[in-house]
Amino acid sequence: MTQADLYLVLESLGLPVAYGQFESTENEPAPPPPFITYQFSYSSDLIADNHNYVSIENFQIELYTAKKDLAAEKLVQDKLKELQLPYRKTEAWLDGEKLWQIIYEIQLLGG
């Protein structure tokens with residue numbers, strides 16, 4: 001799966017999706033929650049003999065909700081399970097933003 005494929009998968013969930021952050025302007029404000037951002041975190045390529053043999057890209061998928069939203073979390077988790085993309089999940093309350101941030105860490109192989 002590539003980064004472009006990941007975007008299409010997330011977009012298919014029916015929530016607003018952006019890489020990194022939403023660009024908001026006076027005429028086009030950021031969407032209200034729930035929404036998803038995703039971004040590349042770091043690579044864990046399989047390296048041997050001075051070559052990167054297998055590309056392993058670590059991504060964070062971040063779900064933002066105004067309240068604890070188990071249905072939105074299940075939507076994301078079910079899609080990751082359907083695609084057999086193992087994930088680690090963490091969550092935090094962003095007091096300044098008044099939002100829940102649910103982070104799913106995944107790896108894309110060969111992307």
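If you're wondering where the values come from, they're calculated on a predicted model, not measured in any experiment.
- With hydrogens and angles disregarded, no donor-acceptor distance shorter than 3.5 Å links the side chain of Asp45 to the backbone of Asn52.
- Here Leu46 contributes atom CG and His51 contributes atom NE2; the two are 12.5 Å apart, rounded to the nearest 0.5 Å.
- Each of Val76 and Leu70 belongs to its own hydrophobic cluster when Ile, Leu, Val, Met, Phe, Trp and Tyr are linked at side-chain heavy-atom distances under 4.5 angstrom.
- Taking CD1 from Ile106 and CD from Glu57, the interatomic distance works out to 10.0 Å, rounded to the nearest 0.5 Å.
- Phe59 has its side chain out of reach of Ser41: every pair of non-hydrogen atoms, C-beta onward, lies at least 4.5 Å apart.
- At least one donor-acceptor pair under 3.5 Å links the side chain of Thr25 to the backbone N or O of Glu28.
- The closest side-chain donor-acceptor pair between Ser44 and Asn58 falls under 3.5 angstrom.
- At distances below 3.5 Å, not a single donor-acceptor pair connects side-chain atoms of Tyr64 with backbone N or O atoms of Pro32.
- With 3.5 Å as the limit, one finds a donor-acceptor pair spanning the side chains of Gln77 and Tyr104.
- Using a 4.5 Å heavy-atom cutoff, the side chains of Leu108 and Leu6 are in contact.
- Counting all heavy atoms, side chain and backbone alike, Pro33 lies closest to Ala66 at CB-N, 3.8 Å.
- Closest heavy-atom contact between Ala30 and Ser24: N-CB, 3.3 Å.
- No single ILVMFWY cluster, assembled from side-chain heavy atoms under 4.5 Å apart, contains both Trp100 and Ile103.
- Atom OH of Tyr42 has 12 or fewer heavy atoms from other residues, nucleotides or ligands within 6.0 Å.
- Considering only heavy atoms from C-beta on, Tyr38 stays 4.5 Å or farther from Glu62 through its side chain.
- Between Leu80 and Ile61 the shortest side-chain heavy-atom distance falls below 4.5 Å.
- Side-chain contact check for Gln39 versus Tyr19: some heavy-atom pair is nearer than 4.5 Å.
- Note: Lys68 NZ to Ile102 CD1 = 4.0 Å, rounded to the nearest 0.5 Å.
- Distance CG/Leu15 to CD1/Ile36: 4.5 Å, rounded to 0.5 Å.
- For the atom pair CG (Leu63) and CG (Leu75), the distance works out to 8.5 Å, reported to the nearest 0.5 Å.
- Hydrophobic cluster membership is shared by Leu8 and Tyr87, with clusters built from Ile, Leu, Val, Met, Phe, Trp and Tyr side chains linked at under 4.5 angstrom.
- Scanning all heavy atoms of the two residues, the minimum distance from Thr65 to Pro34 falls at CG2-CB, 3.9 Å.
- Checked for salt-bridge contact, Lys89 and Glu105 miss the test: no charged N lies under 4.0 Å from a carboxylate O.
- When side chains are defined from C-beta on, Val17 does not count as touching Phe35, because their heavy atoms never get closer than 4.5 Å.
- One finds the CG atom of Leu99 at 9.0 Å from the CD atom of Gln101 (value rounded to the nearest 0.5 Å).
- Counting only heavy atoms from C-beta outward, the side chains of Met1 and Val9 approach each other to under 4.5 Å.
- No side-chain donor-acceptor contact under 3.5 Å links Gln3 and Tyr7.
- Using a distance-only test at 3.5 Å, with no hydrogens or angles considered, a donor-acceptor pair links the side chain of Lys98 to the main chain of Asp95.
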